[in-house]
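Below is one structure, written out as structure tokens, with a few remarks after it.
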Amino acid sequence: MNRVSRHSSLTNPSHAWTRFKDLLFSGPLEKAFSEFESLRKAFPAKPPPIKLYNSLLKASLKQSRPDLVSSVYKDMILSRVPIETRTLNLLMASLCESGRLGDARRVFDSMSEKGCKPDGVSFRVLVSGYCREGLSFRGLELLNEMGRFGCSPDRKIYNAVVSGFCRENKVVQAERLVERMVKGGVFPDEVTFTVRISALCKAGKVLEAYRIFQNMKGDNGSGFPRPDVVTYSVMLDGFCRKGMLDEAEELVALMKSDGLSMDVGCYNIWLAGLVRNGKLLKARSVLVEMVEKDVKPDVYSYNIIVDGLCKEGMVLDARSVLDIMRDNGISPDVVTYSCLLHWYCKKGDIAEANKTLEEMMRDGCFPSISTCNVLLQSLWKEGRISEAELLLEKMNEKGYSLDKISCNIMIDGLCKSGKLNKAIEIVDGMWLHGSAALGGLGNAFLGLVDHTTNGKKCLPDLVMYSTLIDGLCKAGRLDEAKKKFAEMLARNIAPIQLFTTHLYIITVSRVNCHRLFVSSEIWKRRVAIQIQKHITF
DNA sequence: ATAGGGTTAG
């Protein structure tokens with residue numbers, strides 16, 4: 001930095017703000033913010049121009065820092081800069097991202113009294129917010145309002161709602177909306193089709209999805225958009241999760257012959273598919289291919305490999321991947337360390353687990369709720385209740401709240417330690433109060449439960465019922481187990497869950513009830529048939 | 001700022 005600009009930025013606020021802008025676009029956000037605060041203190045009467053405020057909001061949003069977004073916004077109000085539509089769009093995006101849809105809607109509704117008019121972006125932000133939260137009907141309602149504000153829906157906003165309906169399995173609504181798009185002269189593109197393919201794959205209907213994919217592939221002049229890298233990726237993921245590795249490999253070849261090159265996201269799907277199906281050697285060769293093709297593996301790629309190696313018990317190899325990562329300029333993150341931690345906890349190697357935890361903190365990675373769950377499970381399962389409570393208290397202090405996985409861990413622990421009735425009581429309570437039902441377990445839980453900002457409850461799921469039913473069967477309480485199974489079906493929980501690392505399956509026969517871990521295709525089919533039989537019992 | 005894809009924990 002030269003002397004002149006340094007000197008002028010100390011005395012001239014507009015130079016200072018120009019210099020600050022460079023810092024914001026080049027340096028880390030933390031640094032920019034501390035500079036922002038000191039400049040605001042140095043020139044309290046000279047706030048930055050509105051454009052800079054907007055950039056600051058945008059940067060905070062991009063880094064997923066809603067706390068910074070709201071502090072910038074508060075500062076804007078205090079310094080009385082005129083608020084623009086753009087500012088409020090950014091604020092709404094941030095509120096949607098942190099699940100505060102109600103607040104986002106209030107901002108939207110108050111736009112006119114702030115002297116701003118909602119534009120196309122305002123609608124897109126809020127509509128996609130609704131759809132992402134599983135409230136596609138509300139998204140559609142808002143889309144229908146656009147005309148009154150002189151806006152007309154474009155392809156992106158239609159796709160957002162179509163995607164929402166597909167995710168919610170509301171096929172008819174999705175198709176109706178596509179028809180309406182066409183009538184309005186907005187033609188479906190590869191995204192419109194890809195969301196449908198994605199939804200079908202997630203529902204386990206991979207062949208149905210493939211039919212649509214083939215329609216897109218075929219050059220019969222039917223007006224279908226061509227599949228792009230994402231379409232291929234979604235299809236590839238579908239095949240991999242069904243264990244259809246031959247089809248997956250064919251698809252990879254097809255994609256290349258189609259003139260498309262795999263990007264890092266697509267490679268990661270392929271890597272994860274191979275690792276999940278035990279093809280670690282092949283995964284390694286794919287990693288080599290990535291480097292050859294100059295597609296740089298990212299933190300996801302390495303984490304997939306680290307996790308795969310840990311699951312195969314090759315923890316030394318997993319550790320060595322961390323060095324390879326660092327050599328390639330990728331820092332291990334909280335997921336990388338959590339994978340190692342999971343392995344050590346599973347082996348009961350407390351010393352190595354603690355070492356990993358320390359290393360993780362030293363590396364600047366803070367434990368996530370998943371990390372806590374790994375520790376919680378390990379302590380809880382070994383009956384180290386007081387240590388588990390200590391962990392929960394710490395989590396409480398740091399502002400974590402229990403999620404679905406944590407709840408399942410607790411229920412599992414109760415079942416395994418013979419407190420079956422307590423477990424049943426809590427699961428019943430969860431239908432009414434979500435994870436708050438765990439509050440009855442003691443003080444350590446009270447602060448941790450249902451602090452979710454979006455008010456969504458943690459409801460019992462297949463894994464939780466599997467745990468309960470398994471516990472009841474082992475205790476010889478078969479009639480109650482059957483009752484729970486029926487209750488589960490009545491609650492619309494399917495007894496078979498696709499797309500998890502392991503397949504959780506419950507079979508209830510007259511004499512016994514098993515919860516099985518099944519990973520081979522033949523077994524999946526066989527058990528699926530058994531389940532068909534039981535659904536009617 | 002804005003539609004579709006990828007990693008960990010039961």
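These numbers come from a predicted model, not from an experiment. Convention: sequence-line order gives letters A, B, ...; per-chain numbering from 1.
Heavy atoms of A/Leu61 sit under 4.0 angstrom from primed sugar atoms or phosphate atoms, though from no base atom. If you check every strand for non-hydrogen atoms under 4.0 Å, A/Thr231 touches a base. Nucleic acid contact for A/Asp403: base, since at least one base atom lies under 4.0 Å from a heavy atom of the residue. Counting any heavy atom pair closer than 4.0 Å across all strands shown, A/Asp307 reaches sugar-phosphate atoms only and no base atom.
Counting only heavy atoms from C-beta on, A/Gln377 has its side chain closest to B/dA9 among B/dT7, B/dG4, B/dA9. Of the candidate nucleotides B/dG4, B/dT7, B/dG10, B/dG10 has the atom nearest to the side chain of A/Asp461. Of the candidate nucleotides B/dG4, B/dG5, B/dA3, B/dG5 has the atom lying nearest to any side-chain atom of A/Cys266. Proximity note for A/Arg167 (side chain, C-beta onward) versus B/dT7, B/dA9, B/dG4: the nearest is B/dG4. In the set B/dG4, B/dT7, B/dG5, the nucleotide with an atom closest to the side chain of A/Ser163 is B/dG4. Among the nucleotides B/dA3, B/dA9, B/dG5, the one closest to the side chain of A/Ser370 is B/dA9.
Partners of A/Glu190 by side-chain hydrogen bond (donor to acceptor under 3.5 Å, both in side chains), not counting sequence neighbours: none found. Evaluation of the salt bridge (charged side-chain N to carboxylate O under 4.0 Å, His left out) rule for A/Lys51 yields no partner, not counting sequence neighbours. By the side-chain hydrogen bond (donor to acceptor under 3.5 Å, both in side chains) test, A/Ser406 is found to be paired with A/Asn373, A/Asp403, residues two or more places apart in sequence or in another chain being considered. Under the rule for a salt bridge (charged side-chain N to carboxylate O under 4.0 Å, His left out), A/Glu141 has no partner lying at least two apart in sequence or in another chain.
For the OP1/OP2 pair of B/dT8 and a distance below 4.0 Å, the side-chain nitrogens and oxygens of A/His342 include no atom meeting the criterion. The shortest distance between the side-chain N/O atoms of A/Ser128 and the OP1/OP2 oxygens of B/dA3 is below 4.0 Å.
Residue pairs meeting the salt bridge (charged side-chain N to carboxylate O under 4.0 Å, His left out) criterion with at least one partner in residues 336-349 of chain A, sequence neighbours excluded, do not occur; the list is empty.
Contacts between residues 332-340 of chain A and DNA chain B, counted as heavy-atom distances below 4.0 Å, involve A/Val335, A/Ser338, A/Cys339.
Spacing between atom CG of A/Asp154 and atom P of B/dG4 amounts to 13 Å, rounded to whole angstrom units.
Between A/Phe213 and A/Tyr232, the distance separating the two ring centers is shorter than 6.0 angstrom.
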Begin from the C-alpha positions of A/Glu352 and A/Lys355 and carry the test salt bridge (charged side-chain N to carboxylate O under 4.0 Å, His left out) through to its verdict.
CA-CA 5 Å; A/Glu352 279 300 320; A/Lys355 254 170 71 183; 3.1 Å; yes
